[in-house]
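Structure first, then comments.
If you're wondering where the values come from, they're calculated on a predicted model, not measured in any experiment. Chain letters run A, B, ... following the sequence lines, proteins first and then strands; every chain starts at 1.
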Amino acid sequence: MFDVKWIRNNPEAFDASLKRRGAEPQSAHVLALDDARKATVQQLNEWQGTRNASSKQIGQAKAQGDEDKAQKLLAEVADLKAKVQQGEETERTQTAELNELLAGLPNLLLDDVPDGADENDNVEKSRFSEPRQFNFEPKEHYELGEQLGQMDFEIAAKIAGSRFVVLKNDVARLERALGQYMLDLHTREHGFTEVIAPLLVRSEALFGTGQLPKFSEDAFQTTDDRWLIPTSEVSLTNLVRETMLSHEELPLRFTSLTPCFRSEAGSAGRDTRGMLRQHQFYKVEMVAVTAPDKSLEEHERMLGCAEAVMKGLDIPYRVMRLCSGDMGATMMRTFDIEAWLPGQNTYREISSVSVAGDYQARRMEARYRDENGKPQYVHTLNGSGVATGRALIAVMENYQQEDGSIAIPEVLQSYMGGQTEISAAK
RNA sequence: GGAGAGGUGGCCGAGUGGUCGAAGGCGCGCCCCUGCUAAGGGCGUAGGCGGGUAACUGUCUCGAGGGUUCGAAUCCCUUCCUCUCCGCCA
């Protein structure tokens with residue numbers, strides 16, 4: 001959601017940012033709508049002013065028992081009522097039209113976001129470790145899981161359809177261990193507050209984080225008009241909706257382990273094998289709420305928190321700067337962490353860390369009082385820290401052994417009762 | 001699910017048709033007094049949009065959205081939420 005004043009003062013920058021996203025310029029359209037709205041409001045204000053003054057006099061006249069004067073004044077303002085109502089109606093229509101346009105516009109891009117059309121134009125920012133050399137042909141996670149008898153796509157399909165999985169025994173426990181490890185890391189080492197928040201949310205919450213109105217087809221809606229969260233970014237960020245924070249409270253940092261639900265409409269045929277792309281998956285999310293001048297450093301910090309997870313697991317990864325064409329509409333800058341998957345022989349996204357600026361805060365009226373006591377919109381950030389379903393894949397493929405068993409990363413062993421590997425013999 | 005009560009400024013809370021953007025309190029800010037284990041006094045203090053260099057000023061906002069009225073925090077309708085009692089259930 002944009003501040004029209006800002007667009008008015010920076011129309012070129014605004015359109016340039018849209019263009020980088022491959023969208024049409026909109027500043028002229030926005031400003032035209034706003035001009036029309038302003039003209040209406042001005043006229044309306046004038047009428048309301050006259051009416052208010054007269055009404056006050058009528059009240060005084062009646063209080064003094066001067067019925068003649070009151071009647072005279074009443075006659076004077078008789079036609080104003082219709083005008084004001086008409087004006088209000090026009091203003092409503094125009095404001096709705098303007099808001100509808102603004103609500104659908106993507107966020108600005110930061111200058112250091114690389115230009116590009118799609119994921120092929122993303123730019124590597126950094127890299128951790130090197131892919132392990134196997135002296136056998138590494139398998140994909142679903143081969144490993146099925147051979148272990150602890151990952152079952154067939155029964156999942158019978159129960160729920162495609163893009164679901166059933167995990168059992170140690171593999172199920174491994175995913176639980178990953179979630180616990182990440183939560184403990186973020187709460188103990190990184191200063192995040194653990195949160196359990198709703199998985200079903202109202203439309204307003206999804207609007208606040210930007211999934212609505214334009215991306216409704218990506219999420220599941222319930223029969224009672226709620227939505228299953230596609231990410232706990234929604235629940236966590238909306239924790240500050242419609243609030244007035246004080247500057248001493250900032251930054252706020254929240255983390256949560258939740259299931260996420262995605263319709264995956266439009267990704268038919270992509271990643272159909274295995275559990276890389278599911279309708280339901282677990283993810284540890286990080287959300288930060290900061291003062292405007294702190295959000296960019298918080299972005300780097302949050303990336304570091306997500307990287308710490310990967311370093312702890314000792315899984316090779318690279319960090320990518322998403323290019324303009326590959327970024328989500330609500331974000332100003334996004335860094336993805338891509339884990340090395342030996343079975344696929346490629347890097348795949350396992351975390352996405354983004355800064356939204358005040359885009360979400362405006363949509364959810366999340367403000368704080370700055371040092372001067374002046375209300376300002378906060379900045380919001382979110383990042384996966386990290387997706388546990390995909391972390392499971394990464395651990396299985398990177399830690400696989402020739403006999404199909406899987407070594408357990410050291411940091412997870414305490415969460416696995418001291419177990420050091422997963423094998424079929426169980 | 002049934003019955004009832006209520007949603008007011010950063011927070012608490014008064015206000016049932018006219019001079020209410022709204023008493024009082026808390027919190028916060030500035031100033032003064034005091035000088036000893038802690039307090040006393042004064043003043044100021046909502047947000048959005050618009051006009052003005054500024055002082056200032058117009059308008060809107062009392063959960064949200066409509067309506068009635070010359071005039072609505074106050075009346076009516078819709079809706080969301082909270083609380084109490086009953087029922088049901090984990």
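Remark: C1' of B/C60 and CD of A/Q48 are 7 Å apart, rounded to the nearest angstrom. In this structure, the CD atom of A/E249 is 14 Å from the C1' atom of B/C28, given to the nearest Å. Rounded to an integer number of Å, the gap from NZ of A/K374 to P of B/U45 is 16 Å. Rounded to whole angstrom, the span from the CE atom of A/M244 across to the C1' atom of B/G47 amounts to 7 Å. If you take CG of A/L98 and C1' of B/G48, they are 14 Å apart, rounded to a whole angstrom.
Annotation: B/C60 and B/C20 have their P atoms spaced 16 Å apart (nearest Å). For the C1' atoms, the distance from B/A3 to B/C75 is 24 Å, rounded to whole Å. Using atom C1' as the reference point in both B/U45 and B/C26, the two lie 13 Å apart (nearest Å). Atom P of B/U34 sits at a distance of 47 Å from the matching atom of B/A73, rounded to the whole Å. Annotation: B/G66 and B/A72 have their C1' atoms spaced 14 Å apart (nearest Å). For B/A64 and B/C80, the C1' atoms lie 7 Å apart once the distance is rounded to whole Å. If you take atom P in B/C70 and the same atom in B/G65, they sit 23 Å apart, rounded to whole Å. Nucleotides B/G13 and B/G24 have their C1' atoms positioned 8 Å apart, rounded to a whole Å.
Using the six-membered ring where Trp is involved, A/H190 and A/F192 have ring planes that are perpendicular, over 60° apart on the 30 and 60° scheme.
Aromatic rings from A/F164 and A/F153 are positioned such that their centres are separated by 6.0 Å or more.
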Identify each atom pair where a protein N or O and an N or O of nucleotides 49-56 of chain B are less than 3.5 Å apart, giving names and distance.
from: B/G50; atom 1: O2'; to: A/Q42; atom 2: NE2; distance (Å): 3.3

Could you list, one pair per line, each protein nitrogen or oxygen that sits under 3.5 Å from a nitrogen or oxygen of nucleotides 79-83 of chain B, together with the distance?
from: B/C80; atom 1: O3'; to: A/R202; atom 2: NH2; distance (Å): 2.5
from: B/C80; atom 1: O2'; to: A/R202; atom 2: NH2; distance (Å): 3.4
from: B/C81; atom 1: OP1; to: A/R202; atom 2: NH2; distance (Å): 2.6
from: B/C81; atom 1: O5'; to: A/R202; atom 2: NH2; distance (Å): 3.4

Review item, nucleotides 17-20 of chain B N/O atoms under 3.5 Å of protein N/O:
from: B/G18; atom 1: N2; to: A/S55; atom 2: O; distance (Å): 2.7

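Of the N and O atoms on the side chains of A/S263 and A/D218, not one donor lies less than 3.5 Å from an acceptor on the other residue.
For residues 359-367 of chain A, proximity to RNA chain B is found at A/R367, defined as any non-hydrogen atom under 4.0 angstrom from a strand atom.
Neither OP1 nor OP2 of B/G9 sits under 4.0 Å from any side-chain N or O of A/R369.
Using modelled atom types, one side-chain atom of A/R262 and one backbone atom of A/P230 make a donor-acceptor pair closer than 3.5 Å.
The strand RNA chain B forms stems, runs of 3 or more Watson-Crick or G-U wobble pairs with distances below 3.5 Å, at B:1-7 with B:80-86, B:10-12 with B:24-26, B:27-32 with B:40-45, B:46-51 with B:56-61, B:63-67 with B:75-79.
A/H141 contributes atom NE2, which lies 10.5 Å from atom CD1 of A/I406 (distance to the nearest 0.5 angstrom).
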Base, backbone or nothing for each nucleotide of nucleotides 62-68 of chain B, written B, S, -, heavy atoms under 4.0 angstrom, 5' to 3'? ----SSS
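Heavy-atom distances to RNA chain B give each of A/G49 and A/P375 a nearest nucleotide, and the one nearer the 5′ end belongs to A/P375.
Distances from the side chain of A/N52 to the nucleotides B/U59, B/C70, B/G47 place B/U59 closest.
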